[in-house]
Structures are given as C-alpha cells and as structure tokens.
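Below you'll find the structure, written out as structure tokens, and then a few comments.
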Protein chains: 2
Amino acid sequence: MGLKLTPQRMAILEYLEGNTEHPSAETVYRAVKQRFPTMSFATVYNTLERLRERGGLLELTIDPSRKRYDPNTDPHHHLICLKCKRIVDVKADFKLNVPEEQRKDFKVTGTHVEFYGVCPECG
Amino acid sequence: MGLKLTPQRMAILEYLEGNTEHPSAETVYRAVKQRFPTMSFATVYNTLERLRERGGLLELTIDPSRKRYDPNTDPHHHLICLKCKRIVDVKADFKLNVPEEQRKDFKVTGTHVEFYGVCPECG
DNA sequence: GTACGTGCAAAGGTTTTGCATTACA
DNA sequence: TGTAATGCAAAACCTTTGCACGTAC
C-alpha cells in the first residue's frame, strides 16, 4: 500500500528533501543518476507521480517549458525569474477569495500566487 | 514594423477577439482551419508569438499539458477546473506584494493568482 | 508466488524549425 | 522589389507507456 522504499526512491527522496530549487524531472534525473548510473526517466517520473498523488510533492506549472517539482507542501507562493527561470519561494498568507459573483458554483480548493520578474543575477 | 495583416492573421485575430475560452494553440488552429483549410501550425504559433511579444496576448502556463492563450491583457486572474481544464477569468485587484525580506533585489513586474477547483459541470 | 518496481526503448503529444514558395508593403 | 509570412514536413523536446526482467515481502 505504501511506497516501497527502494534504493532508487531513497536517492530521489534524499535529493528532494529540503530542496528549494524547484527542479524539473530532468534535473532530478541527472542528480540521482550520479549515484545510480542505471537510473531511468521512467523511475523518476514514476516516483514523482507517486509522491504527488500522496500529497508529498507539488507539481508546478509556473515554467512554460517544463514541469517543476516542489517538495515543500506547506501553503506558499512563488516568484519566478523570467530570464533564468529560477523559482523562489514566497512565504505569505494572502487570504484570497474569488469574488462571490464570479464563483458561480465553482468549488475552490486551492490558491497559488505567481510573481514574475527579474532576479538579481539576471538584473 | 507592425504586423502584416494577412488574411490568416486576420482570421486568428478575429477568432481571439473577445474570446474568453483561453484556447490552446491547437484549438486556435482547428477553429481557423475551418475558414483557411491550408492553415498550418507554423502560422498559428508564429502569429501567437508575434502577438505575445507585442503585448497583445498572454501565454498562460496554468494548464500542465499545454500552453493556453488569453487575448484579455487587462490585469486579471484565473480559476481553473482541475477536471476539465476550463479556465475562467477572475476580475479582481488583489494588490499583492512579495514581503520585503524575501524580495532580495528581485524586480517584480507582474502578479497572477491561480485558483484551483472543480467547475459546476464537473461537479 | 505475487505484486510491485526498474530500466530500456519506443511512442505520444506539444512546440519549434528549415526551407522553398508565396504574398504583402 | 525586397522583406516577411505561409505551409509543409521534419525535428526537437518533454512526458508517458509497454514490456521483460528483477526484487521484496
């Protein structure tokens, strides 16, 4: 029922633990492949998806070219550099609501604020 | 300097004008292809990109599986149905700021709020 | 022994690109 | 006429899937 903790999964979990880089699947793959040369994309995607459905991981759609993953599942928001695609956490509780007259029976279950800009390095 | 107003582009512009469906490139392609059977994806992507760089169109990254386009460039936000991927405009001015202590020389140029939920049809 | 995970390769879907032709300004 | 757009096909990219093999309980 629970996730089987294979060595490959342990390596992925360790890589993600406390990671604030919001890595893409390929970034995860390259990182863990150093320790597991036989690591495949299938295992990375499989594990990320298992984690996501268990609520242990967020799939971010903030980067237009690829999915990014966030092991921080506490409610928070993001700031993205439009040049280098770096994503930075924004810890704030904004208490936002869809105006009643526009909600029209939509059941709102989550809120995410994206800030766009240019990071110090891309200046 | 300006966009050449070819018949194909006119058809794309007319399709987008006032459109609140947040169509994907393929949706635009299928719609305009009815009037221009020779319309190609290259022309659709080319035109959407030209419009975007001129600020006449927003590229939304809210749908994980494909880019969506929004001809409404007034500041607004979105509500997405996690089941059918329908996107609804949210007109509200939330006045959000990245907390000073987290901004760290990031130049913030835009803000976008995503609300997630389930629409009335998907129940 | 059975259910699940892994790894490889292939397939699927979206977006981009090269290039010859055509059309606009 | 010269520059830019079109259309087709192929390529590039990211992600998912099929399947044979391996591993854990």
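Residue numbering restarts at 1 for every chain, and letters A, B, ... go by the order of the sequence lines. What you are looking at is a predicted structure, and each value in this text was computed from that prediction instead of being measured. Computation of the quantities below employed the complete heavy-atom set of this structure, encompassing side-chain atoms and omitting hydrogens, waters and symmetry-equivalent molecules.
Every residue two or more places apart in sequence or in another chain was checked for a salt bridge (Lys or Arg N to Asp or Glu O under 4.0 Å) with A:Asp105, and none qualifies. For B:Ser24, the side-chain contact (heavy atoms from CB on, under 4.5 Å) criterion is met by B:Glu26, B:Thr27, B:Arg66, B:Arg68, not counting sequence neighbours. Take B:Glu101 and apply the salt bridge (Lys or Arg N to Asp or Glu O under 4.0 Å) test, not counting sequence neighbours, and it matches no residue. Annotation: side-chain hydrogen bond (donor to acceptor under 3.5 Å, both in side chains) contacts of B:Tyr29 (sequence neighbours excluded): B:Lys33. Residues satisfying the side-chain contact (heavy atoms from CB on, under 4.5 Å) criterion with B:Arg50, sequence neighbours excluded, are B:Leu3, B:Arg9, B:Asn46, B:Glu53. Every residue was checked against the salt bridge (Lys or Arg N to Asp or Glu O under 4.0 Å) condition with B:Glu17, not counting sequence neighbours, and none meets it.
In this structure, B:His78 and B:Asp70 approach most closely via the heavy-atom pair NE2-OD2, 2.9 Å.
Regarding A:Asp63, its CG atom lies at a distance of 15 Å from the P atom of D:dC13, rounded to whole Å. The distance from atom OH of B:Tyr29 to atom P of D:dT6 is 14 Å, rounded to the nearest whole Å. Note: CZ (B:Arg30) to C1' (C:dT14) measures 13 Å, nearest angstrom. One can place CD1 of A:Ile12 at 11 Å from C1' of C:dG5, the figure rounded to the nearest angstrom. B:Leu48 has its CG atom 13 Å from the C1' atom of C:dT16, to the nearest Å. Residue B:Lys85 contributes atom NZ, which lies 15 Å from atom C1' of C:dG13 at whole-angstrom precision. C:dT16 atom C1' lies 15 Å from atom CD of B:Glu53, rounded to whole Å. For the pair B:Glu26 CD and C:dG13 P, the interatomic distance rounds to 10 Å; values are reported in whole Å.
Note on B:Arg9: every side-chain N or O is 4.0 Å or more away from OP1 and OP2 of C:dC24. Neither OP1 nor OP2 of C:dC4 sits under 4.0 Å from any side-chain N or O of A:Arg50. Between D:dT23 and A:Gln8, no contact under 4.0 Å exists linking OP1 or OP2 to a side-chain N or O.
A rotation axis mapping the C1' atoms of four pairs onto the next four is fitted at both ends of the helix from C:dG1-D:dC25 to C:dA25-D:dT1 over five pairs, and the angle between these axes is 30° to 10 degrees.
The hydrophobic cluster containing A:Leu82 also includes A:Leu58, A:Leu60, A:Ile62, A:Ile80, A:Ile87, A:Tyr116, under a criterion of side-chain heavy atoms closer than 4.5 Å among ILVMFWY residues, counted directly or through chains of members. The hydrophobic cluster around A:Val118 extends to none of the other residues, as no ILVMFWY side-chain heavy atom falls under 4.5 Å of it.
Less than 4.0 Å separates DNA chain C from at least one heavy atom of each of the following residues of residues 31-46 of chain A: A:Thr38, A:Met39, A:Ser40, A:Ala42, A:Thr43, A:Asn46. Residues of residues 64-71 of chain B having a heavy atom closer than 4.0 Å to DNA chain C, listed by number: B:Ser65, B:Arg66, B:Lys67.
For the residue pair B:Asp63 and B:His22, no side-chain donor N or O sits within less than 3.5 Å of a side-chain acceptor on the partner.
Out of D:dC14, C:dA25, C:dC4, the shortest distance to the side chain of A:Lys4 is found at C:dC4.
In this structure, A:Val90 and A:Val113 have side chains that are not in contact, with every pair of non-hydrogen atoms separated by 4.5 Å or more.
For the salt bridge (Lys or Arg N to Asp or Glu O under 4.0 Å) condition, the pairs that include at least one residue of residues 107-123 of chain A, sequence neighbours left out, are A:Arg86-A:Glu121.
Position along DNA chain C of the nearest nucleotide to B:Ala25 versus B:Leu5 favours B:Ala25 as the more 5'-ward residue. Both A:Pro7 and B:Glu59 lie near DNA chain C, and the one whose nearest nucleotide falls closer to the 5' end is A:Pro7.
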